[in-house]
Each structure stands twice: as C-alpha cells, then as structure tokens.
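Predicted model only: the values in this text are computed from it and were never measured.
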Amino acid sequence: MNYLPLDQYKYAWVFRRQDMAVTPDDLAQIKPLTASRSAEVWRGQISPVCLYPSHFGSGDWAGQEKTWKAKEQWQGAWDSDSPELPELLSGHIKWEPNVTVYFCYKHDHVIETTWGVFRRNWKCFLFFDDGPLLVGRKRKEVAQFFEDGTLQVGIRA
C-alpha cells in the first residue's frame, strides 16, 4: 500500500477547511503517502542521506547554492483573497496540469498529487511551512517554502 486514505491522514483537516474549499474532485487526488513510500520518494527525489529539510548538506542538491535561482515572499499571496500562486512560482514552473508532483515535508511525510491540484489548492499545503519542497516527477524545476514566508525556486541537477 502506497497511500493513506485521507480519513487516516492526521493533517487532513488542512484540506477540509471551509475557508479553503477544496473540491471533492481535488480531494480525491490529494494522496498522502505511507511512511515507507514517503521514505522511498524522499530518497529518490530529495536526499538519500538527509531526513529533514533543515539538515541538507552540500551533497544534497537542495543544499547547494547553485540549485537556487531566485527567492521572494510567498506569505503575501497566501494571505490574500486571490487563489493565484506567488508570482515567482507561477513564472518558474510551467508544467501541464496532469504532471505528478510530490510535496515533501520530510522523509516520512510526502503528499502526491498533480500540478493542477497543487496549483488550485497550494495554500492548504502550506499550513506546514518549515522547508517543504515541491518537485515534479521527471522534472528539474523545484521550489522550497520557508517559515519566514520566503520561497526559493531552482533547477535540480
């Protein structure tokens, strides 16, 4: 089993908030991974060694300065009434809506969805903002979000 049913996901409340209004169709495509599947995705997409975003080293693509191309605030866009992505993110990632993405909080906490679902509901994913990474399957563009309200985008090697 690779996925947890959303009812068993301890953070499902972020996707069920009345003020965020995630549609039933989108909810069905938000797939929390089991801890073991999360660890596989993390090792393959993020780091074979590091377990948390705050521990990236120079051997991890996310810990290398050359990965990151630009940085801006995301908090203002999150606080606004507009559902639009932060400008830097929407300008950097031009994927098709059906591209599989992983929103990676830490080694045992990853959510799989599509770029279209993430784009429409990105604010829900950021209730936990201590360094999660957004990566697309077989894509080089990446983004990382921080508690101080900043976002960085880049290209992974």
Backbone of [Y] reached by a side-chain donor or acceptor of [X] within 3.5 Å:
X      : Y      : result
Ser47  : Arg43  : no
Trp68  : Ala62  : yes
Asp148 : Thr150 : yes

* Kindly indicate, with the supporting measurements, whether the criterion side chain to side chain contact (heavy atoms under 4.5 Å, CB included) is fulfilled by Leu134 and Trp122. => CA-CA 10 Å; Leu134 174 69; Trp122 71 276; over 6 Å; no
* Asked: So, are Glu40 and Arg37 salt-bridged, with charged N and O less than 4.0 Å apart?
  -> yes
* Aromatic ring centroids of Trp78 and Phe125 under 6.0 Å? -> no
* Is the gap between the ring centers of Tyr52 and His109 under 6.0 Å? -> no
* **Residues which pass side chain to side chain donor-acceptor pair (under 3.5 Å) with Asp25, listed by chain and number, not counting sequence neighbours** => none
* Pairwise distance OH(Tyr102) to OG1(Thr113) - rounded to 0.5 angstrom -> 11.0 Å
* Atom pair CG (Leu85) and CH2 (Trp74), whose distance is rounded to the nearest 0.5 Å -> 12.5 Å
* Set of residues satisfying ring pair (Phe, Tyr, Trp, His ring centres under 6.0 Å) with respect to Tyr3, sequence neighbours excluded -> none
* To do: Begin with the C-alpha distance, continue with both residues' side-chain angles, and end with the deciding distance and a verdict on salt bridge (charged side-chain N to carboxylate O under 4.0 Å, His left out) for Arg16 and Asp7.
  => CA-CA 10 Å; Arg16 293 195 170 119; Asp7 321 6; 3.7 Å; yes
* Asked: Take atom NZ in Lys140; do more than 12 heavy atoms of anything else shown fall under 6.0 Å from it?
  -> no
* To do: Under the salt bridge (charged side-chain N to carboxylate O under 4.0 Å, His left out) rule, collect the residues that match up with Arg156, sequence neighbours excluded.
  => none
